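Following: one structure in structure tokens, then a few remarks.
What you see is a predicted model; the values in this text were computed from it and never measured.
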Amino acid sequence: MATTPAPPTAPPKPTWDPRRAEPPFPWLRPTIRIRLTLLYGGMFLIAGIMLLSIIYLLAAQALNTGAEPLFRIAGGRDIKVTSDNCPAVNSGLSLDAFNTAISHCIDVQRQTALDNLLSRSLLALLGLAIIAFAFGYAMAGRVLSPLGRITRTARAVAGSDLSRRIELDGPDDELKELADTFDDMLERLQRAFTAQQRFVGNASHELRTPLAINRTLLEVHLSDPGAPVELQQLGKTLLATNERSEQLVEGLLLLARSDNQIVERKPVDLAEVATQAVDQVHGEAAAKGVVIRGERAAAVVQGNGVLLERIALNLVQNAVRYNVPDDGWVEVTTQVQHGQAVLVVTNTGPVVPAYEIDNLFEPFRRLRTERTGSDKGVGLGLSIARSVARAHGGHIAAEPREGGGLVMRVTLPI
């Protein structure tokens, strides 16, 4: 008789807890709250002791002043009462008038002592307040100095250096916990960016290779003089489609690479970059009857020359391709304004509604039907330009030109 198999047992519970181990006495942890409590409590205690000491000394001085005799009895046959503090008793007075003068002088002396005590206490309080604010400012700077270190590291990371770490030393408090968490986040970001760069490199090889093979095969078949006309026409169509696919792949890879910050920066003159872009588009502009003009002053920035040239090339190409059929022109200027390098590309062309401007910078987005022709690109030019500008710490803006066309303005920090 077959035995019934025993039900599977539950897997053993893990003996390792990935969470951070709690200290044996968590209330003894030197947290920021405890440290600030001890610091400011100690400051108040010291200030109170100093204030009590000053008040004690001032009160003792006031009592000494108030204890001075108001009058003295001059010796001799005839007893005579004299007083420096109460001149009213120096003259001969009756007993009632003498007692009244003595009471009045005592009141005046008491009030004088209290006024002196109040004025000196106010001066002491003012001095203690100044000392307390200065000491508090110094202590706050010392306590918050790790935050400044975290801020500087975050600013360096924002400038594209993902290898930076805070590595904060000191007590195991909230600031150290924040710094360690920030370091862990930077580690994950660096791994993610490294994986992205590796993927872009592999994709560039895997995508370019078959397209290059297709182009070579098509060119070989088109070079055969005995090929039928229909086959040659089909080959030209396929070759144009393959070329468009290559442009799309190149644009996507460049867009992926330019989304990251620029690590290696070199001095690049925008005027030289713009001139090279104009030279590359000059033949296409001449074929379309578009005149390229504009003065280009020196504007040197720190960045990647190849990517900056791609910005200028994309903007000038768009300005030439999306122009009017007759008497069109493109103006390309570079200059330095308000401490920033500015590249401006202005062109004639169809009227562009203001609400369509933002759509132009989205990938594969074109303006209505006149910008969907396959001979005018793959719809990534402005997206790449914006991505490269952001990677260099700048920005690109577009606005409709009166009468038709666009004004594209790229601003980069010097």
Side-chain angles (χ1 to χ4, degrees), residues 18-50 125-197 258-268 300-304 336 338-341 387-395 411-414:
R19 294 176 296 179
R20 198 173 193 177
E22 291 291 338
F25 301 101
W27 54 274
L28 289 178
R29 182 187 177 192
T31 61
I32 293 294
R33 176 178 293 181
I34 294 178
R35 291 167 59 190
L36 289 179
T37 300
L38 295 177
L39 175 63
Y40 289 115
M43 289 175 56
F44 280 120
L45 180 61
I46 295 174
I49 293 175
M50 294 178 62
L125 179 61
L126 179 61
L128 284 177
I130 295 175
I131 295 174
F133 277 112
F135 184 74
Y137 182 81
M139 289 297 100
R142 182 178 180 84
V143 172
L144 297 178
S145 59
L147 287 180
R149 185 173 175 180
I150 295 174
T151 302
R152 289 189 297 270
T153 304
R155 189 176 293 115
V157 170
S160 74
D161 189 3
L162 288 176
S163 62
R164 294 287 298 273
R165 297 293 183 271
I166 300 174
E167 297 179 351
L168 185 65
D169 300 328
D172 186 17
D173 54 14
E174 292 90 345
L175 292 180
K176 190 175 188 307
E177 185 177 356
L178 174 62
D180 294 342
T181 305
F182 192 77
D183 286 343
D184 294 339
M185 181 187 67
L186 291 179
E187 184 68 26
R188 296 184 62 184
L189 284 176
Q190 187 178 20
R191 289 199 302 266
F193 278 113
T194 302
Q196 181 186 13
Q197 292 175 356
S258 60
D259 277 336
N260 298 331
Q261 294 284 336
I262 308 302
V263 178
E264 296 182 0
R265 296 174 180 264
K266 297 180 181 180
V268 181
V300 180
V301 299
Q302 297 292 326
N304 185 291
V336 177
H338 309 293
Q340 292 183 320
S387 179
V388 173
R390 288 178 176 176
H392 284 80
H395 65 276
T411 305
L412 300 174
I414 295 180

With rounding to the nearest 0.5 angstrom, report the [atom1] to [atom2] distance, [X] to [Y].
X: Gln340; Y: Leu412; atom1: CD; atom2: CG; answer: 8.5 Å
X: Thr181; Y: Lys176; atom1: OG1; atom2: NZ; answer: 10.0 Å
X: Arg165; Y: Gln190; atom1: CZ; atom2: CD; answer: 5.0 Å

Notebook entry, point to check: Would you say the side-chain atoms of Asp183 pair up with the backbone N or O of Ile166, donor to acceptor, closer than 3.5 Å?
Noted result: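 Looks like yes, one N/O pair under 3.5 Å.
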Item checked: All side-chain contact (heavy atoms from CB on, under 4.5 Å) counterparts of Leu147, not counting sequence neighbours ->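 Result, side-chain contact (heavy atoms from CB on, under 4.5 Å) vs Leu147: Leu144, Ile150, Leu175, Leu178.
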Note to self: Please enumerate all residues that pass side-chain contact (heavy atoms from CB on, under 4.5 Å) together with Gln302, with sequence neighbours excluded.
What the structure shows: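 With sequence neighbours excluded, Gln302 shows a side-chain contact (heavy atoms from CB on, under 4.5 Å) to Arg265, Pro267, given in chain and number order.
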Quick check: closest heavy atoms across [X] and [Y], and the distance to 0.1 Å?
X: Gly393; Y: Pro413; value: O-CD, 3.6 Å
X: Ala341; Y: Val301; value: CB-CG1, 3.3 Å
X: Gly303; Y: Val268; value: O-CG2, 3.6 Å

Check: Heavy atoms, side chains only, cut-off 4.5 Å: are Arg149 and Arg152 in contact?
Finding: yes
Item checked: Pairing of Asp184 and Arg188 as salt bridge, 4.0 angstrom limit -> no
